[in-house]
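Okay, so here's the structure we're looking at.
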Amino acid sequence: MPQALPTWLTPQQFFQAVEEMRAVVGKEWVVSEDGPALRSYRDAFSPEEDDVFLPSAVVAPDGVEQIQKILKIANDYRVPLWTISSGKNFAYGGPAPRKAGHVVLDLKRMNRIIEVNEEFGYALVEPGVTYFQLYEYIQKKGYKLWIDCAAPGWGSVLGNTLEHGVGYTPYGDHYMMHCGMEVVLADGTLLRTGQGSLPGTQCWQLFQYGFGPVLDGIFTQSNFGVVTKMGIWLMPEPPGYMPFMITYEREEDLHAITEAVRPLKVNMLIPNGAFTVGLLWEASIKTTRAQYGDPKKPLPESAMKKLMADHKLGMWNFYAALYGPKPMMDNTFKVVRDALGAIPGAKFYFDEDRKGDPSWDYRVKLMRGIPNMTEFNMSNWVPGAGAHVDFSPISPTRGDDAMRQYQMIKTRANEYGFDYIGEFAVGWRDMHHVFSLTFDRSDADERRRARELFNVLIDEAAQAGYGEYRTHLAFMDKIAGTYNWNDGALWKLHHRLKDALDPNGILAPGKMGIWPKHMREENV
Ligand code: ADP
């Protein structure tokens with residue numbers, strides 16, 4: 001069956017445009033026939049069938065000039081382009097476009113590490129640079145710098161930052177740590193943000209602002225431009241590193257943990273991206289549901305105790321780390337121990353206690369910026385084609401809110417036949433609560449239930465005043481609809497910006513519920 005095409009184009013127009021793009025990038029860098037190469041751009045974790053988000057073609061330029069030429073062709077024919085950097089945004093859509101038939105603009109060939117500066121601690125990278133690549137480069141050069149990576153190390157530094165991804169070291173808020181962007185607008189204009197727009201600047205990667213409005217944010221989670229370079233701050237290697245884990249036995253301990261963590265984070269005593277991880281998240285890294293219960297049903301409470309005992313886990317497992325000279329870490333640790341150890345049943349673990357345990361080992365790596373792929377084990381929790389979409393509401397770092405979100409999600413998840421597999425990524429003042437809705441993709445009924453559950457969760461979270469920080473393609477419109485204060489003033493502004501910057505609607509239609517005018521009006 002031929003793949004879907006943009007609905008407003010005839011096949012002749014579409015393939016003519018693709019031919020012209022082929023002439024720009026070379027024939028080996030365009031895919032336009034249905035087959036394994038095109039299907040590798042499907043979302044392998046989608047709660048829908050593959051075809052719902054299957055692109056019609058892929059074009060992979062190797063630099064800004066080629067991008068500008070592609071955008072010109074796209075404007076001439078009105079070809080919609082979905083930009084990806086490494087396309088590993090799994091749980092949120094992977095490499096796939098929001099609409100079937102749109103063309104993926106794959107920037108994987110633009111994978112140059114333009115600069116790593118050891119003196120100031122930063123890197124300037126192109127979109128296709130992955131965490132593994134940047135890490136290996138720094139190791140090879142012997143720079144005393146750490147990166148901060150997403151859990152799966154195959155993703156790109158730039159793509160993850162644009163999605164507001166978070167990591168595990170003190171530099172865990174990636175957008176907060178970015179410094180300077182280069183962007184191609186839909187009309188081909190090339191610009192640099194911040195200090196980068198001053199010719200001859202020495203400060204593009206040193207100072208996040210420029211002169212006038214700060215526009216970097218509008219190029220994140222959006223479809224207002226193609227980001228072609230980005231600076232990212234890197235942490236100088238500290239003289240000491242002390243990761244630790246604390247297990248807690250009872251579900252309701254989440255309240256006390258969260259209350260204890262808030263002042264430690266707000267006052268920066270715990271400096272890194274700390275995580276309060278639920279039992280089944282931990283379990284899914286190293287075992288399967290079938291080993292503890294019915295492989296097709298949520299695990300009953302009775303199995304939880306055995307799981308905890310077998311793997312020395314808690315219902316909640318708190319991970320964090322201290323960094324710096326030893327006397328400073330020792331002093332800070334006393335404060336952390338008094339606060340988090342005061343909760344009855346708290347058990348502390350260090351490297352000597354858990355080395356060799358896969359879930360400990362990968363977190364110890366992540367908290368010091370060593371990329372790896374261990375978290376992918378999670379998909380083996382369920383039988384069949386394990387996949388997950390992540391429901392990620394933001395919560396205040398407050399016990400009442402954490403418990404409320406946890407209970408709300410867990411109850412609904414069980415009702416729809418899924419486990420609660422969740423963790424709280426503790427930021428400076430908020431928590432990203434990530435519920436990994438894990439399902440068997442080969443089972444149509446599970447896919448349907450996963451979608452239904454997700455939709456219910458969006459509504460219930462919004463009613464309680466909680467909004468998601470990121471989402472899968474399938475739920476972008478619905479979540480955008482929840483950010484509707486004052487008659488949707490913010491999305492109306494997004495649409496005004498979209499119409500002004502990209503009047504032909506060629507860049508990522510539908511990203512985060514932002515649609516070009518003709519698609520809003522014609523509902524295509
Ligand atoms: P990663 O592989 O690092 O997880 P992706 O390459 O999948 O990230 O990108 C995640 C999302 O970010 C994409 O779906 C797209 O919406 C956006 N994006 C990625 N790269 C760019 C870019 N260079 N310019 C604009 N948007 C981008």
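Order of listing sets the numbers, starting from 1, for every ligand and every atom in it. Everything numeric here is computed off the predicted structure, so don't read it as measured data.
Applying the side chain to side chain donor-acceptor pair (under 3.5 Å) criterion to His432, with sequence neighbours excluded, gives Asp430. With sequence neighbours excluded, the residues that form a side chain to side chain donor-acceptor pair (under 3.5 Å) with Lys492 are Asp487.
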Assess whether side chain to side chain contact (heavy atoms under 4.5 Å, CB included) is satisfied between Arg39 and Asp51, documenting all intermediate values. CA-CA 9 Å; Arg39 293 213 164 237; Asp51 289 3; 3.1 Å; yes
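The cationic group of Arg363 lies under 6.0 Å from the six-membered ring centre of Phe275 and within 45° of the ring axis, placing it in a cation-pi geometry.
Relative orientation of the His518 and Trp8 rings is perpendicular, given thresholds of 30° and 60° on the angle between their planes.
The 4.0 Å heavy-atom shell around ligand 1 contains residues Trp82, Thr83, Ile84, Ser85, Ser86, Gly87, Lys88, Asn89, Gly94, Leu107, Gly155, Ser156, Leu158, Gly159, Asn160, Leu162, Glu163, Gly225, Val226, Val227, Lys511, ordered by chain and number.
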Donor-acceptor list for residues 77-85 side chains, cut-off 3.5 Å, not counting sequence neighbours:
residue	atom	partner	partner atom	Å
Tyr77	OH	Glu20	OE2	2.5
Trp82	NE1	Ala96	O	3.2

